[in-house]
Amino acid sequence: MSDCLFCNIAAGELPTELVYEDDRCVAFDDIAPQAPVHTLVIPRQHLVDLKSADDPALLGHLLDVARQIAAGRGLTDFRTVINTGAEAGQSVFHLHLHILGGRAMSWPPG
Ligand code: AMP
């Protein structure tokens with residue numbers, strides 16, 4: 001087993017219900033949801049963060065999957081977030097995109 005939590009989820013080595021999967025990414029609901037819908041989209045490939053992700057096709061795919069998941073959940077308004085680095089709030093160092101929706105949100109984020 002990898003020492004990366006999200007690599008283990010992507011590899012099916014941790015019991016996690018996937019809401020979406022394909023050859024490049026998987027998606028699952030956040031364990032500590034911050035909104036009625038809070039889903040994470042992660043690449044199967046281990047990339048520490050957005051700074052390490054230099055494949056535009058993969059990045060576009062993650063966004064496209066996020067769009068499809070939001071539509072599938074019936075969200076017309078939603079927020080997508082990628083925290084990059086601890087100071088920005090990143091706590092799991094495997095690139096992931098948050099999809100948050102189902103409630104009104106404020107700006108700027110904390
Ligand atoms: P970030 O703070 O941007 O790195 O986001 C990491 C997210 O991963 C947090 O929202 C956590 O609640 C979530 N998380 C951590 N462990 C798990 C897990 N085992 N399954 C689902 N989500 C998780």
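Excluded from the calculations below are hydrogen atoms, water molecules and symmetry mates; all remaining heavy atoms, backbone and side chain alike, are included. Everything numeric in this text was worked out from a predicted model, so none of it was measured. Whatever order the structure lists them in is the order used to number ligands and atoms, beginning at 1.
When the side-chain contact (heavy atoms from CB on, under 4.5 Å) test is applied to Q45, the partners found at least two apart in sequence or on another chain are L47, L58. Taking V65 as the reference, Y20, D22, C25, V41, H61, I69 meet the side-chain contact (heavy atoms from CB on, under 4.5 Å) condition, with sequence neighbours excluded.
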Does ligand 1 have any N/O atom under 3.5 Å from a protein N/O, and what are those pairs and their distances?
residue, atom, partner, partner atom, Å
ligand 1, 2 (O), G89, O, 2.7
ligand 1, 2 (O), S91, N, 3.3
ligand 1, 2 (O), S91, OG, 2.9
ligand 1, 3 (O), N83, ND2, 2.8
ligand 1, 3 (O), H96, NE2, 2.9
ligand 1, 3 (O), H98, NE2, 2.8
ligand 1, 4 (O), S91, N, 2.6
ligand 1, 4 (O), S91, OG, 3.3
ligand 1, 4 (O), V92, N, 3.0
ligand 1, 4 (O), H96, NE2, 2.9
ligand 1, 5 (O), H96, NE2, 2.9
ligand 1, 5 (O), H98, NE2, 3.2
ligand 1, 10 (O), D30, OD1, 3.2
ligand 1, 10 (O), D30, OD2, 2.5
ligand 1, 12 (O), D30, OD1, 2.5
ligand 1, 22 (N), I31, N, 3.1

Let me check something: any side-chain donor-acceptor pairs from residues 89-110 under 3.5 Å, sequence neighbours excluded? List them with distances.
residue, atom, partner, partner atom, Å
Q90, OE1, G85, N, 2.8
Q90, NE2, V48, O, 3.0
Q90, NE2, V92, O, 3.0
H94, ND1, H46, ND1, 3.2
H94, NE2, P43, O, 2.8
H96, ND1, H94, O, 2.7
H98, ND1, H38, NE2, 2.8
R103, NE, Q34, O, 3.0
R103, NH2, Q34, O, 2.8

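Across every non-hydrogen atom of M1 and E13, the tightest pair is CE-O, 3.4 Å.
At a threshold of 4.5 Å between non-hydrogen side-chain atoms, the residues V19 and R73 count as touching.
Environment of CG in D23: crowded, with over 12 heavy atoms of neighbouring residues, nucleotides or ligands closer than 6.0 Å.
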